[in-house]
Amino acid sequence: MCLSGLVAKNNMKKYINQGSKDTRSGFGAGMTELGQKNENVVALCADLIGSLKFDDFKKNHPERFFQIGIAEANMIGIAAGLTIGGKIPFTGTFANFSTGRVYDQIRQSVAYSDKNVKICASHAGLTLGEDGATHQILEDIGLMKMLPGMTVINTCDFNQTKAATLALADHHGPAYLRFGRPVVPNFMPADEPFVIGKAILLNEGTDVTIIATGHLVWEALVAAEALEAKGISAEVINIHTIKPLDEEAILKSVQKTGCVVTAEEHNIIGGLGESVSRCLVQNHLVPQEFVAVNDSFGESGTPDQLMEKYGLNSAAIIEKAEKVLARK
């Protein structure tokens, strides 16, 4: 899908598709750069070097790369131990295996112990595609954000994933970085600063706020352009950090627009939408609609087919925006 040229008001940046890339390659590019910049960064992989784009790091820094094999729980334990010697471990495997399979180890050895481990997870959500429901974890954000002290990041494109990877090396504390397999529009500027916990306002609007994360950020921009053609002014916010949540940015927007749509490639229970709801209930209650998977598992199919079937696209965001506007 090509955005014809959404221009934000008040001389804001213009976000244009620079060509499609997979977000996991952004992680790989970030790790390559970190390998050159920071000798304390080490990488651990659970038998998925190619899938996680660890190839360059492994080639250039073999002494700092550890192939653990299909032993994800062991990988988390080793990573926690490496932090004691001052290392900054980045673990890598599929999101399902990065969280659900090793939740006890993450809780006890990383979160409870406040270890400086970066849990990096590819192939998240429905866009894993044909591998099906057993691999398409849609609960991972909820699992990770409930752990005290855990930072949770869900990036939208190649550039932002690379920037987030670099930023995590300078952030002390346990963190979860979520990204995906399919190629998606790469639209965030390469020089866009990545500040953990700070939302990015992509487009100003006055009628409805659209808060999106991950692959749904681009779809939110496409939806905003279509809504503009209908005379509806949509404000679009990129929430790349789900925890800590930028409540200030959210409240500033909804106090202006009076309603909100949240969009995410995650279960409707436990994700971004619920975090936003808590913020609104505690501070400034306005109508909210959700674009998310409605408490179900996924299934096999192409990423595009699944996003269409489960209502995770610009058309669904437009529908929910019009619905929430009617509730104002």
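- Cys156 has its side chain out of reach of Trp218: every pair of non-hydrogen atoms, C-beta onward, lies at least 4.5 Å apart.
- Applying the ring pair (Phe, Tyr, Trp, His ring centres under 6.0 Å) rule to His266 yields no partners; only residues at least two apart in sequence or on another chain are considered.
- Hydrophobic cluster membership is shared by Val291 and Ile232, with clusters built from Ile, Leu, Val, Met, Phe, Trp and Tyr side chains linked at under 4.5 angstrom.
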Exercise. Test Thr155 against Val217 for side chain to side chain contact (heavy atoms under 4.5 Å, CB included), laying out the working first.
Key: CA-CA 9 Å; Thr155 51; Val217 176; over 6 Å; no
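- Partners of Glu299 under the salt bridge (Lys or Arg N to Asp or Glu O under 4.0 Å) rule, at least two apart in sequence or in another chain, are Lys309.
- Side-chain contact between Lys115 and Ile84 is present, with heavy atoms from C-beta onward closer than 4.5 Å.
- Under the 3.5 Å distance criterion, the side-chain polar atoms of Thr302 are matched with a main-chain donor or acceptor of Gln305.
- Closest of all the heavy-atom pairs between Ser20 and Val183 is CB-CB, 4.1 Å.
- The side-chain heavy atoms of Phe27 and Cys120, taken from C-beta on, include a pair separated by under 4.5 Å.
- With rounding to the nearest 0.5 Å, the separation of OG1 in Thr241 from CD1 in Ile200 is 8.5 Å.
- Minimum interatomic distance between Ser122 and Gly180 (heavy atoms only, all atoms of both residues): OG-O, 3.9 Å.
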Let me have the donor-acceptor pairs involving side chains of residues 88-104, under 3.5 Å, with sequence neighbours excluded, atom names and distances please.
from: Asn96; atom 1: ND2; to: Thr134; atom 2: O; distance (Å): 2.5
from: Ser98; atom 1: OG; to: Thr93; atom 2: O; distance (Å): 3.3
from: Ser98; atom 1: OG; to: Phe94; atom 2: O; distance (Å): 3.1
from: Thr99; atom 1: OG1; to: Ala95; atom 2: O; distance (Å): 2.8
from: Arg101; atom 1: NH1; to: Glu72; atom 2: OE1; distance (Å): 3.3
from: Arg101; atom 1: NH1; to: Glu72; atom 2: OE2; distance (Å): 3.2
from: Tyr103; atom 1: OH; to: Leu143; atom 2: O; distance (Å): 2.7

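- For the salt bridge (Lys or Arg N to Asp or Glu O under 4.0 Å) test, residues two or more places apart in sequence or in another chain that qualify with Asp22 are Arg24.
- Proximity of a side-chain donor or acceptor of Thr213 to a complementary backbone N or O of Glu264 within less than 3.5 Å is not detected.
- Using cut-offs of 30° and 60° on the angle between ring planes, the pair Phe187 and Tyr15 is perpendicular.
- Within the 4.5 Å cutoff, the side chain of Leu128 has no heavy atoms near those of the Ile137 side chain.
- Checking each of Ile141, Thr262, Ile269 against Glu274 for a side-chain contact (heavy atoms from CB on, under 4.5 Å) leaves exactly one that passes, namely Ile269.
- A continuous path of hydrophobic side-chain contacts links Val261 to Val293 [ILVMFWY only; heavy atoms under 4.5 Å].
- The backbone N or O of Met188 lies less than 3.5 Å from a partner atom in the side chain of Asp157, making a donor-acceptor pair.
- Side chain of Thr151 to main chain of Ala175: no donor-acceptor pair is present (N/O by atom type, distance under 3.5 Å, no hydrogens or angles).
- No donor-acceptor contact under 3.5 angstrom links the side chains of Thr23 and Thr161, judged on distance only.
- The two atoms that bring Ala111 and Met150 nearest to each other are CB-CE, 4.4 Å, heavy atoms only.
- For the residue pair Ala220 and Ile210, the shortest heavy atom distance occurs at CB-CG2, 3.7 Å.
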Quiz item: side chain to side chain contact (heavy atoms under 4.5 Å, CB included) between Ser277 and Gln288: does it pass, once the steps are laid out?
Solution: CA-CA 8 Å; Ser277 292; Gln288 179 180 356; 2.7 Å; yes
Please tabulate, for the side chains in residues 48-62, all donor-acceptor contacts under 3.5 angstrom to protein atoms that are two or more places apart in sequence or on a different chain.
from: Asn60; atom 1: ND2; to: Asp56; atom 2: O; distance (Å): 3.1
from: His61; atom 1: ND1; to: Arg64; atom 2: NH2; distance (Å): 3.0
from: His61; atom 1: NE2; to: Gly35; atom 2: O; distance (Å): 3.2

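- When the side chains of ILVMFWY residues are joined at heavy-atom separations under 4.5 Å, either directly or via intervening members, Val208 and Ile317 end up in a single hydrophobic cluster.
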Atom pairs and distances, side-chain donor-acceptor, residues 319-326, under 3.5 Å, sequence neighbours left out:
from: Lys320; atom 1: NZ; to: Phe290; atom 2: O; distance (Å): 2.6
from: Glu322; atom 1: OE2; to: Lys230; atom 2: NZ; distance (Å): 2.8

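- In this structure, Asn38 contributes its side chain and Leu34 its backbone to no donor-acceptor pair below 3.5 Å.
- Side-chain N or O atoms of Gln136 include none that pairs as donor or acceptor with a backbone N or O of Thr127 at under 3.5 Å.
- Side-chain contact between Glu228 and Asn203: absent, with no pair of heavy atoms (C-beta onward) separated by less than 4.5 Å.
- Atom CG in Leu251 sits 10.5 Å away from atom OG1 in Thr209 (nearest 0.5 Å).
- Cluster annotation: Ile196 and Val41 are assigned to the same hydrophobic cluster (Ile/Leu/Val/Met/Phe/Trp/Tyr, side-chain heavy-atom contacts under 4.5 Å, transitive).
- From Lys21, atom NZ reaches atom CZ of Phe158 across 4.0 Å, with rounding to the nearest 0.5 Å.
- When all heavy atoms of Asn116 and Gly173 are compared, the pair lying nearest together is OD1-N, 2.9 Å.
- Considering OG of Ser109 and CD1 of Ile76, their distance stands at 8.5 Å, rounded to 0.5 Å.
- Side chain of Ser300 to backbone of Glu130: a donor-acceptor contact under 3.5 angstrom is found.
- Taking hydrophobic clusters as Ile, Leu, Val, Met, Phe, Trp and Tyr residues chained together by side-chain heavy-atom distances below 4.5 Å, Leu216 shares a cluster with Leu126.
- Every residue two or more places apart in sequence or in another chain that forms a side-chain contact (heavy atoms from CB on, under 4.5 Å) with Gln18 is listed here: Asn159, Asn186.
- The salt bridge (Lys or Arg N to Asp or Glu O under 4.0 Å) search around Glu308 returns none, not counting sequence neighbours.
- Residue pairs that meet the salt bridge (charged side-chain N to carboxylate O under 4.0 Å, His left out) test with at least one member in residues 30-52, sequence neighbours left out, are Glu33-Lys37, Glu33-Lys162.
- For the residue pair Ser275 and Ile242, the shortest heavy atom distance occurs at OG-CG2, 4.2 Å.
- Note on residues 233-260: pairs passing salt bridge (charged side-chain N to carboxylate O under 4.0 Å, His left out), not counting sequence neighbours, are Glu235-Lys256.
- Counted by atom type alone, His215 and Glu265 present one or more donor-acceptor pairs between their side chains at under 3.5 Å.
- Partners of Asp140 according to the salt bridge (Lys or Arg N to Asp or Glu O under 4.0 Å) rule, which considers only residues two or more places apart in sequence or in another chain, are Arg178.
- Under a 3.5 Å cut-off, the side chain of His240 and the backbone N or O of Lys198 do form a donor-acceptor pair.
- Here the side chains of Glu219 and Met307 are not in contact, with every heavy-atom distance at 4.5 Å or above.
- When atom types are taken as modelled, the side chain of Lys328 and the backbone of Pro287 share no donor-acceptor pair closer than 3.5 angstrom.
- Using a 4.5 Å heavy-atom cutoff, the side chains of Phe194 and Ile153 are in contact.
- Proximity of a side-chain donor or acceptor of Ser253 to a complementary backbone N or O of Ile250 within less than 3.5 Å is not detected.
- For Arg278, there are no side chain to side chain donor-acceptor pair (under 3.5 Å) partners at least two apart in sequence or on another chain.
- Rounded to the nearest 0.5 angstrom, Phe179 CZ and His123 NE2 are separated by 9.5 Å.
- Side-chain contact between Thr165 and Lys118 is absent, with no heavy-atom pair separated by less than 4.5 Å.
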